[in-house]
Each structure stands twice: as C-alpha cells, then as structure tokens.
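Here's the structure, in structure tokens; my notes come after.
Atoms considered below: every heavy atom in the structure, side chains included; atoms not considered: hydrogens, waters and symmetry mates. These figures come from a predicted structure and were not determined experimentally.
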Amino acid sequence: MNAWSDTVLIFLCLGLLELSSALLEPSPFPEALRECYEFRSFNMTPSDEVTTKIQNFCYRQYQYQQIAEGKINSPTNLTQEGVNYIHGLFRQIFNEAREVASYSVKSKRHKRQALFPGRFRQEVRSPGGAFRRYARCIRRLQRESVEPPQAGRNTYQTLSVLHSGQVLATAHGGPAFIPWHRIYLLLLETACGAPIPYWDSTVDHDMTDPTMSVLWSDMFFGNGDGDVMTGPFQNMRTILGDPLVRNIGTGDSSLFTKEGLSAVLSRRRYQEIVEPKQGADYIFSLEGHHNGPHTWVGGHLGLTNTAAYDPIFFNHHAFIDHVYEIFRRKQLRSGINPRMDYPAMTPPGHAANDFIDFRPYSRPLRNIQGLSRFIANLVRYQPLPKCRNRCNRSPHLYCDQSRFVCVSRTRPTSMLPAGAQGFGGFSTQPGQAPASQNVPSESRTRAQSRGPIPGGARFRSSPFSDNRNRPDTIGSAPVAPQVVAAAFAARAGQSRKRRDVSATQQTHSSLNTNVRPVSALQRSFTNTFLIDGVVELKRWVYIPVRVFYNRSTNLEGSDPTFHGNHPRETLNNSCHGVNSGAFKVFVTSNGLNYVGTYKEFAIVDERKPISITTTTVGIKNPKYGEGEVLFTAYDSCGRLCRPLCLTSVQGKQLYKSCSAVFKVSTASPRMFYFSYQDALINNVQASNLIHSHDNDSVPPLTFVCDNTKSWPWEY
C-alpha cells in the first residue's frame, strides 16, 4: 500500500461506537469466492480488465454453487407445474438423444438403416406440411397453459420468456450463442412434438421486393405491416397483453444473404465465426448475419427481450443452426474436432465449460457439450434450396436462371387492396403486387397508435445493409419490468432446493465489461427492483456508500484520470475529461444468498485532487430474511475501486481495506433507511468524514478510486 493510501486511512478515521451488533456488519469472505479469486489471480499482474473478468467469473460460479447446494430459496410467485413441465421436456430430449445414439451405432453394423428416430427439419416452403404442423403446434401452445391461472402465462409464453432478461448476456455476444439456441430449439420442438421448419431468408433477400414474399401471406407467417392480423399466428398476445407486432422491410440491416453465407462457410475454426467481432472480421460472424433478419422483420422480433414472442424466431434460428451444422460437418471432413475447437478467450459465461443457462430445468450442460455429436445427431436437415436440387421441389420457390439461385415466389395479389404502396415507399415493377407491409392498413395504424414496443435493446446491425429498407415507424422503448420479472420467474422454479440465478449473475457480469462513456453523464437508469423473483419496493432498504475519488499522479508522473495512455484509448476516447469535471463512479450490490442486484452511481469532480461524495445503494430488507451482500465499484473509465469497511482496530474506529462482504440482519443499531430519499438526505449532513459523529449518518462502506495497481479485494 502506498503512502497516499495510508494517508487516506488516517483521513477516514472516525470516533464511532462498536459495530458488533450492527444491522450491516462486515462478514467473512465466502471460501468458495476466496479460492476462485486466488486461483484466477495467481501469478498475474493486476489490471482493470483482468480484475473485471475475475470478479464476474467468480461471482457467477459462486452463485452456481449456491444453486447446487440448495442455499437460495425460491420466490413464492413461481409455479411447480411450470417447472415440472420444463423438466419433462428436457427428460424427453436426453432420452431421445440416447435413442438416436443407439440408432447410430446399430446403423453402422447393418447396411440397411431403419427409419431415423430424430428430427428432420425442412425449409418452411417445402412440400409435405412441415410448416402447417408447426403452426398448429404454436396455436395449441397458445391455447394451453401448464401453469395455474395466477401465473398469467400460456405454454408458449412460458417458453418464449426464457429468451429475455439478463440471460441474454450468455445467449448472445460470444461462442455460447450457438449451443444456447441449439438447446432452445430442441426445447420448443419437444413441446411441439414436430420438427421446426427452418426459414432460409436468403431466397427472400434475392427477390426484387422481399416484403412481397409468399411468406407474408395466410399460407405462412401472415401479414408483416403492424399487428399480426392474418395467417396462423393472428391475434397472438405477448405477456404484456399486447398484440404481436412486425414491421418488415425496415431497419439498417438486410436479410441473410448468399454472400454472408459464403463468408461464414469460408472459415475453418469456430472462433472465426463467433462473437465478439469488430471491423473487417465481422463479415465472418454467424451471429452478426443472424442479426439481420431480426432487424429486418422488426416489431417484437427486432428486440432482444421480445424476439421469441414471434414464432418466426424459431424458424429463423433453425436456419442459423442449419448453417452452423454445415460448418461443423465441414470441420469434421477436414479433420477438425469441434469439441476441441472452442475459443480459449471468451466473454463471461461463454467459456467452454460454463453452464448453458437453462437450469434448474435440465441437468447441467456445458457450452462445449451443446456442440457435441450427442446433441447434433438429434437433428437432420433438408439441404438448403438450390437450383440443382430443384429448390427442394417447393411450389413456392423457383430457380432464377440468370443468377442460378432459388428465389421465393410472391404472395397472391388478390390478398392486397388496390393502391397499396411498394417496398420502402416506392412502387414495384409493372404487374408486380404491392408490398405486404402496408396490408391491411388497420394493422399498422393499431401498432403505431400504441407507440414504441417496451422491449429494450435492439439487435446489433448485421454486416450488410439493404438500401431498399425504409425507416422503422414503430420503434422501441425501455424494457418493461414485467418482461424481466416474467423471464426470471419462468427460469427460477418453485423447488425450495434449486434456483436459477442467471438474471442476477448476468446483470452483475455486464456491469464492468464495457468502458462507460463520459458523454453519457446526463443519462440515468432505473433498477428493476427484482429480488427473489418478485418486483416489490418494500423488499428493498437503502444504505449510504461513500466514494473517495483520488486524482493523484502515478509513478510515471501522468494524470491517471485523463487515461491518455490507457490501452483502450485506441478504441474509446470516452475517458478524457469534460469541461464540467463531472465523472461517474458506479456502485453495485450483489446478493450472495439472495437473488437481487442493485446499481447506482455517484458523481465526483475529477478536476480536484480529491473528491468525496455519497451515493445510496439498495440491499435486501432483512425483514424478509437475513442475507449476505457483496459490493463492487468502478469508475467511468473502467478502473476498479477498492472497498474500505468501517471496523475497529486497537480500540479505534477507522476504515480499513476489506472484501466488501456484509451480513444483513435485524440486529441494532439500524444502519439502513427504508427509502432512497431518507438515505440520501440524512447523509448529506455527514459529508465531512473528519467531524461527523452521527452513527446513523456515517456510511459503513467507502470505495477508494485511485491508480493503485493491486487487486481490489481483501479476505
């Protein structure tokens, strides 16, 4: 510890009462966390980026251990019926996988093979009725409910909300994208009892006007111009009670293209086709090209939290899975074992041996196992439609001889009213039908009258754009709390011995992964107040946290707050100071034996050598059970801040380096407030750490943000 840090400790000394009976008192660092921190940091040089990865990984693994040992209780609003249903689907999947494995062994012994017992996925327009069977299944799941009425979800909604909330951090943005969605497809497919047909959107992109595809008719997906009012999915409702919405032919991305397909299949290694990708390498990203149809269709499908509300989601992802399967088989032919080809460096939750976040429903499956032959052999695919296979003999596709590619046929003109406009607002060629997104006009009017869809973030733009697209006229709004709560509830289960806490884990892991831009200083955010699966304000109480911001120069004589020599400056200049001098420090509480995360920020003045302020952070109300909480903090440039806990040393009360783990109990004296406002107002009076002796106002925790090159944890 340097001389300045010693000065800080002296500066923070306080004459306070003993805290042995305090409601919020320092607690021993959990052994599992300690072992993980030590193992991950062994023989490594401390740095912001490495520290962030260690904190995220170890916290997530600790929560996994809590699940396995049954130490986290279930919320009361979850249904055992829903859990049993999902468990049953997974049992069917694994039983079927064993049956297929047995079939594969037997087929090698005999020249004549029996009928394949797995799933055979065809293109949606292929003859044989695959899409009709899929559509009937979706309608059935919409009518049924495996949960009691108070859950407020039909069976399709129970399944669709699994693709929402903070679990998206492990389902997207890294190599776990493929195995996560591969398992998700099997889950819905098992519920249906029929294969999911895949949607090859390249044959629609190659049309003169993709919005005129036969898919946007009663025979297939129904209309795409607002509320879905035609076709087999008409009048579907989301968990918010709103109609399903589309806005086809909009956004900044194209449908999947033949060029994108060729780019992905030109690679040999898995790490070459998975995220994260930047710059020129993005053209090889399978997930990047996958983003295009999401954005192009728009509406609910265009937003990450609500995409699975539209049954097209599963048709689209069946195609993405098909493309990966082609890639995987090419690897096998070239002597590459996919099980040995997983990237070594991954975002949090995407490592080969990280669990796929579908627990507690299935036995633990790791990302690498999701890419195994055991899972892959469950499904076979009809070849992609090509001219040489006569476009799979589909009456809804034809071979364009000039380009020698299969192209979708247009929808019947009799289904469109006169005067409808063409793609992107301009007329189509003479004799060609108008664009379907404008038919019927009532559907668009209804969708636009409700305003932006409360689904949160959009998918990232794909590598290719389409200049035929028009601007999105519906838009998106911040994700509704009900969506987050439903996502958590559907995943959590009511068993008192098991809990899926992926929402909390990924909320935490996403906090420190990106550099926070100073340009976002005026932006705020709202916590979901989701705790143990319940959104309820009275389950939270608030404590003040002091922030001590140090602008001291480092050994090289440079100003660390300017970060001009920061390695990430080549990619992001957001760490440069602003004229006002305002700077953010983010503080987060993460439940260790309860499921809840709360995040807040303090604003300091980076122009001063020392800036001290106070913020307020929510924790679990001990009236709802004693708990343990871990606090972490970082500044706008990603520097991790070191925690100091109020404690007794040789009879004197002072702040000392600590682990920032606290026990929350109903003991006295009370060191929390029942409202954010009370916590903030009462601690404004305690802004001077030297002269304050008000026990109820002095924060039990302080974070020091400086340029110390050490790990920010103590045991």
- Query: Minimum heavy-atom separation for V545 to F703, with atom names?
  - Reply: CG1-CD1, 3.8 Å
- Is the H172 ring parallel, tilted or perpendicular to the H163 ring (thresholds 30°, 60°)? perpendicular
- Query: For the residue pair C658 and L644, what are the closest heavy atoms and their distance?
  - Reply: SG-C, 3.7 Å
- Message: Closer than 3.5 angstrom, by distance alone: can the side chain of S27 be matched with the main-chain N or O of K663 as a donor-acceptor pair?
- Response: no
- Message: Looking only at the aromatic ring of each residue, does the gap between the centers of Y655 and F548 stay below 6.0 angstrom?
- Response: no
- Query: Which heavy atom of T170 sits nearest a heavy atom of H350, and at what distance?
  - Reply: O-CE1, 3.3 Å
- Query: Who passes ring-ring contact (aromatic ring centres under 6.0 Å, His included) against Y342, sequence neighbours left out?
  - Reply: Y270
- side chain to side chain contact (heavy atoms under 4.5 Å, CB included) with E628: of I619, L592, V664, only one passes, and it is L592
- Task: Sequence neighbours left out, what passes side-chain contact (heavy atoms from CB on, under 4.5 Å) with Q278? Give chain and number order.
- Result: R460
- Message: Could you report the tightest heavy-atom contact between T613 and A602, atom names first, then the distance?
- Response: CG2-CB, 3.7 Å
- Under 3.5 Å: donor-acceptor pair, side chain of S285, backbone of Y282: no
- Between N305 and S164, what is the shortest heavy-atom contact and its length? O-CB, 3.2 Å
- Task: If the plane angle is over 60° it's perpendicular, under 30° parallel, otherwise tilted; pick one for F586 and Y634.
- Result: parallel
- Any sub-3.5 Å donor-acceptor pair from N550's side-chain atoms to D706's backbone N or O? no
- Item | Backbone of F601 reached by a side-chain donor or acceptor of T615 within 3.5 Å | yes
- Query: Which atom pair, heavy atoms only, marks the closest approach of A660 to P643?
  - Reply: CB-CB, 3.6 Å
- Query: Counting distance only, does the side-chain N/O of S589 pair as donor-acceptor with the main-chain N or O of G618 below 3.5 Å?
  - Reply: yes
- Any donor-acceptor pair under 3.5 Å linking the side chain of E287 with the backbone of G173? yes
- About how many Å separate OG1 of T616 and CD1 of I543, when rounded to the nearest 0.5 Å? 9.0 Å
- Query: Does any N or O in the side chain of N621 come within less than 3.5 Å of the main-chain N or O of Y542, such that one atom is a donor and the other an acceptor?
  - Reply: no
- Mark yes or no for whether R366, through its side chain, and N353, through its backbone, hold a donor-acceptor pair below 3.5 Å. yes
- CG-OG distance between D252 and S461, expressed to the nearest 0.5 angstrom: 3.0 Å
